[in-house]
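To start, the structure under review is shown below, and the notes come after it.
In this chain, residues are counted from 1 in sequence order.
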Amino acid sequence: MSYYAAFGDRLPLWAEIDEAWYFEQKPDLREEILAQGFTDLSLYHEAVGAAAGLSPNPYFDEVWYRAKYPEVREAIKEGVFSSGFEHYCQEGFRVRSPHWLFSEEQYRWSYAGYDDAWLEAHGYPNGYAHFLNNKISLTLTGSPFFDPFVTRAWFQAQSSDDQAGRHPYLNALNPSMSLEGEPRLSWFFDPDWYLARYPEVAQAVAEKRFQSALHHYLTNNTPEHFDPLPYFSESAYRQAYPDVVPALGGGIFRSAYEHFLRHGAYEGRRPDAEIDLGPWIERFRQLGPMADREADHPFRQWMRAQFAPVGETHAAVELDERETRPLFLEEARQCADIALRGRLDFTCHGEPDISVILVMRNQFALTMQALASLRANYDGPMEVIIVDSGSSDLSGQIENHVDGLHVMRFPYNIGFLLGANEALPRVRSPFCLYLNNDIKLFPNAVANALQRLKSSDDIGAVGAKIIRSHMRLQEAGSIIWRDGASYGYRRQDDPNIGEANFVRDVDYCSAAFLMVRTEDARHLGGFDPKFAPAYFEDTDFCLRMLKSGKRIVYDPSVAVEHMESGSFGLTDSHDWIQINHRVFFNRHRQLLLAKPPPHVRNAVLGREQKRGRETVLVIEDRLPVRRLGSGYVRSNEVVRAMSALGYQVSVFPMMDKANDPADLVHDFPDDVELLTDWHLDRFTSFIEERAGYYDILWICRTHNLSRLLPIVTEHGRYLPMKRVILDTEVIDTPRRFEKARILGAPKIKESMAELIGEELASSHFCQQIVAVSADEAKMVREAGYEHVSILGHALEPDPTQRPYQERHHFLFVGALYAEDTPNYDSLKWLIEEVFPHLHAMIDDPPLLTIAGYIDPDLDIKSWRELPHVRCVGPVRDLKALYDSHRVFVAPTRYAGGLPYKVHEAASFGIPIVATDLLARQVNWKNDVALLCATAGDPRAFARQMVSLYYDAEIWHRVRLEALAAVTNDCDPNDFKARVAEILTRSLAISQI
């Protein structure tokens with residue numbers, strides 16, 4: 001049987017014998033095959049061709065594979081495998097790369113959704129098979145030196161009929177011989193320059209010693225001698241950054257250029273002394289995980305901004321509103337034409353969910369666009385009242401083009417204020433939306449606003465995040481200054497910044513989109529006619545609503561695009577602004593005295609109506625999204641508890657790390673401010689900008705306090721120095737001692753008490769310290785700190801329901817960041833020391849599934865290749881894994897704090913085998929709620945795994961006991977009460 005026949009009917013493209021390509025390698029091969037009596041090419045390749053170094057197809061490079069993996073070359077010499085191709089088909093395909101232009105590891109890292117579980121479920125043995133058989137999208141790549149867009153553009157420019165319609169990767173590997181010049185496959189390598197720069201390479205390619213210039217660059221034995229393009233110098237980079245040199249040539253990075261592409265460009269290192277990537281790095285950081293191929297690599301974007309070869313476009317530039325406004329109008333005209341052909345329908349029978357008041361004067365196309373956007377945005381029953389303010393264009397016949405409108409016509413320009421007031425008595429819904437006709441709604445704007453308005457009886461109005469036509473903010477809620485002037489918060493900023501994306505009570509929101517309770521609007525008499533014809537009417541309306549005891553809520557999930565000042569234009573607008581400003585100021589003089597003075601630096605003090613809410617600044621390593629583990633889940637629960645208790649919370653990340661927008665949306669309450677654009681280097685500027693804003697400072701992790709101490713010592717006047725809380729998360733010293741003992745490291749000279757004292761030395765700065773367990777709280781007290789509180793985990797038992805007999809395999813969950821970490825060490829011990837005993841006890845042992853983030857620089861290939869190990873990578877929702885697996889393993893040999901993974905697994909009803917270290921940390925006893933063994937006895941750990949896995953009675957008993965323990969130890973209500981107690985106690989301590 002062929003060694004690749006195991007793939008069944010779905011033979012991967014990389015495993016097929018490409019007959020035409022095969023014979024191109026050796027034109028006289030046909031005669032040789034016939035002479036040796038072979039009638040099947042695949043049999044010849046297995047018996048003769050592969051051993052001779054021939055590749056079966058353009059997708060697998062036999063010569064390169066043997067050179068890349070010396071251990072495979074040795075196995076061939078010893079007769080274990082006949083070729084590199086046989087090795088790849090039998091086991092290498094799981095983790096190894098088949099070709100110099102494709103990296104299995106990079107493909108998995110770049111497209112995290114294609115993990116082992118997904119590929120297996122869809123019939124793909126590895127990422128390469130998916131890449132080659134992907135018929136839907138031709139945008140994927142497994143190498144920085146292959147860009148499908150650049151490749152496709154180059155071949156299109158050649159007008160080659162025989163290349164048309166082929167996968168760009170196939171064109172890259174096997175271009176037509178009729179083409180002139182070498183294909184340009186990416187921005188990161190210039191073949192024409194390379195061949196001109198190195199004529200000896202051009203000669204080698206001509207003599208077919210190398211397939212191409214890129215093949216030479218990626219496979220030659222002296223990469224330090226060759227530069228890939230004129231904008232990067234190997235020697236200059238090594239000289240400029242000597243810290244990189246030790247990692248080059250030792251298997252970590254093949255060249256300085258590889259380091260630059262993978263890390264250096266993002267760290268601000270220069271490819272050349274004259275090239276500054278700063279603006280492109282900043283743009284990448286702002287976009288984070290939202291970055292697409294237009295912004296995914298700073299160096300690529302720098303080149304795209306300088307040049308536009310192979311049909312590519314320049315990088316995006318800052319938009320000018322003077323140019324986007326005409327585009328907005330042109331889009332409106334196009335939209336109106338389409339809407340006229342299909343007819344919009346707002347017919348409503350019975351009471352509508354929402355009534356919309358829209359005042360228009362001419363601008364028929366804008367109105368049609370707004371109505372089309374409104375209808376597409378909300379499909380529930382809706383009443384639309386159009387006030388025609390003396391229009392002279394097609395607006396006068398709009399009811400002939402849109403069904404179900406209620407149109408009120410005035411022969412003169414009645415204006416927005418008076419027109420809206422005329423419409424208010426006709427409103428039939430309990431909820432009324434004031435809407436401009438120069439807007440487009442973002443998805444779910446109406447439904448989200450309606451949901452927010454209904455969420456609390458004391459909400460009087462809900463306003464939108466308003467984005468102008470050049471995609472900069474008009475307002476994220478608005479501020480009223482002490483002199484009565486107003487300011488759209490974060491005007492002109494990026495709409496995606498954290499400051500613009502949390503729910504809060506505000507002074508007012510613009511009536512371009514303002515949803516109100518109809519009863520409240522009528523009680524106030526609508527907009528005050530004293531402000532006719534325009535200006536300050538919506539500001540006054542919102543302040544009067546605030547005085548009546550109602551709240552004005554800004555909700556960033558309600559977003560609209562607005563062509564500012566597109567609806568009405570008053571030739572004497574400046575005069576009306578001045579007049580109505582005086583009217584407004586005189587009416588609300590007493591209330592305005594409590595407002596901050598008019599300056600943008602005071603915006604943070606005036607951006608919300610606090611209503612007695614205290615503000616908390618939480619500082620963490622990074623924004624604590626739950627999938628990160630490592631204490632971030634607990635920090636996330638702290639933030640959630642603070643929000644639920646009524647505190648206004650801002651979360652400041654010390655590290656400049658990109659974030660997945662889905663994580664931020666799903667993991668945090670919508671009223672929490674996530675400071676996505678800030679980090680340690682800008683902390684001084686941040687606290688200076690927010691001087692006097694925060695009431696409480698909550699610092700997560702002792703090392704963050706140590707790093708911040710010099711800054712807060714010098715700039716403490718900007719922060720609430722009497723209410724500083726340190727949440728230790730873990731006391732690291734015991735872990736260091738245990739690690740040294742386990743790994744046989746030199747004995748630590750200092751005593752445990754001395755090192756704990758040093759670890760907590762900066763804690764003198766805080767009035768209160770939080771520990772995760774009673775044991776660690778005792779350590780803190782023994783170090784001399786009095787005010788210590790205990791805060792563990794918050795978990796609600798949610799046991800999975802699959803019965804014992806339908807569950808299979810062992811499960812390990814944990815992030816793998818580096819070799820020098822507890823999770824890596826625990827897996828290494830489990831696989832290398834425990835599993836041999838397990839396999840001796842069981843003939844056909846269950847699989848081990850490893851779930852969690854794996855750093856791309858961490859080499860776990862040897863584990864991946866094991867037949868009993870399956871790595872599924874990061875999984876957003878672990879519940880399905882907990883439901884399908886029978887036993888959870890936690891083989892941690894050294895760690896501190898409180899193991900969340902144990903509590904989480906127990907909460908999902910999957911019984912646990914753990915080390916006695918973790919059992920002590922959660923204060924559970926062996927054979928009660930879990931089974932455990934010492935980390936020094938791998939055989940005993942294996943016995944416990946076998947016992948729990950195969951004994952249904954033990955399995956059910958331990959499962960129930962663990963669920964009861966989680967209920968007792970991790971009650972979310974108790975957790976919330978403890979957070980409340982800590983915050984309240986901080987106030988009492990500050991008053992001593």
Side-chain angles (χ1 to χ4, degrees), residues 12-16 18 20-21 24 55-61 64 97-111 113-114 119 124 126-195 205 210-219 228-229 261 291-297 299-301 303-304 307-313 315:
L13 195 58
W14 50 255
E16 297 178 3
D18 185 330
W21 188 90
E24 280 183 14
S55 300
N57 53 54
Y59 309 115
F60 182 87
D61 191 315
W64 176 85
S97 299
H99 198 279
W100 45 269
L101 200 55
F102 183 88
S103 167
E104 181 75 22
E105 183 179 43
Q106 177 170 328
Y107 191 75
R108 301 290 195 94
W109 168 245
S110 300
Y111 313 107
Y114 303 144
L119 292 169
Y124 296 105
N126 64 355
Y128 197 37
H130 174 265
F131 170 68
L132 294 177
N133 284 282
N134 182 11
K135 305 299 184 184
I136 300 174
S137 171
L138 301 180
T139 65
L140 307 177
T141 181
S143 168
F145 297 98
F146 169 69
D147 183 324
F149 295 93
V150 175
T151 302
R152 186 181 297 111
W154 191 91
F155 280 99
Q156 287 176 347
Q158 300 297 311
S159 300
S160 173
D161 293 337
D162 58 341
Q163 309 277 141
R166 293 209 306 177
H167 195 297
Y169 186 69
L170 181 57
N171 283 339
L173 297 182
N174 193 25
S176 168
M177 301 300 292
S178 64
L179 295 175
E180 294 184 7
E182 190 165 310
R184 178 71 180 264
L185 307 183
S186 81
W187 283 93
F188 294 136
F189 183 79
D190 187 335
D192 294 336
W193 178 87
Y194 191 80
L195 293 173
V205 172
F210 291 93
Q211 299 172 34
S212 64
L214 181 59
H215 180 226
H216 174 274
Y217 179 71
L218 294 177
T219 63
L229 70 180
L261 293 181
D292 57 15
R293 62 174 298 274
E294 299 293 323
D296 65 347
H297 198 285
F299 189 41
R300 188 201 325 262
Q301 299 319 308
M303 287 189 287
R304 287 168 61 82
F307 320 102
V310 293
E312 293 263 346
T313 58

- Message: Quick one: does any side-chain atom of Ser97 pair with a main-chain N or O of Glu104 as donor and acceptor, under 3.5 Å?
- Response: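 Confirmed, Ser97 side chain pairs with Glu104 backbone.
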- Do Trp64 and His99 make the cut of ring centroids closer than 6.0 angstrom?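 No - the distance between ring centres of Trp64 and His99 does not fall below the 6.0 Å cut-off.
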- For the rings on Tyr128 and Tyr107, is their centre-to-centre separation under 6.0 Å?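 No, ring centres 6.0 Å or more apart.
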- Query: Asp61 and Trp100: side-chain donor and acceptor closer than 3.5 Å?
  - Reply: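 Yes - a donor-acceptor pair under 3.5 Å links their side chains.
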- Message: Minimum heavy-atom separation for Glu182 and Ser212, please, with both atom names.
- Response: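 Scanning both residues completely, I find the closest heavy atoms to be OE2-CB, 3.3 Å.
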- Taking 4.0 angstrom as the limit, do Asp192 and Arg184 come out as a salt bridge?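 Judged by the 4.0 Å cut-off on N to carboxylate O distance, Asp192 and Arg184 do not form a salt bridge.
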- Message: Just so I know, are the side chains of Asn126 and Trp14 near enough to count as touching, which here means a heavy-atom distance under 4.5 Å?
- Response: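 A side-chain contact under 4.5 Å exists here.
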- Measure the shortest side-chain to side-chain distance between Leu185 and Trp154 over non-hydrogen atoms and say whether it is less than 4.5 angstrom.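 No - every pair of side-chain heavy atoms lies 4.5 Å or more apart.
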- Task: Could you check Leu229 against Phe188 for side chain to side chain contact (heavy atoms under 4.5 Å, CB included), going step by step and ending with a plain yes or no?
- Result: CA-CA 7 Å; Leu229 70 180; Phe188 294 136; 5.8 Å; no
- Message: Determine whether Leu101 and Leu173 satisfy the following criterion, side chain to side chain contact (heavy atoms under 4.5 Å, CB included), listing intermediate values before the conclusion.
- Response: CA-CA 8 Å; Leu101 200 55; Leu173 297 182; 3.9 Å; yes
- Ring geometry between His216 and Phe210 (parallel below 30°, tilted from 30 to 60°, perpendicular above 60°):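 Because their plane-to-plane angle is over 60°, the rings of Phe210 and His216 count as perpendicular.
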- Taking the inter-plane angle between the rings of Phe146 and Tyr169 on a 0 to 90° scale, is it parallel (under 30°), tilted (30 to 60°) or perpendicular (over 60°)?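 Rings of Phe146 and Tyr169: perpendicular, as their planes differ by over 60°.
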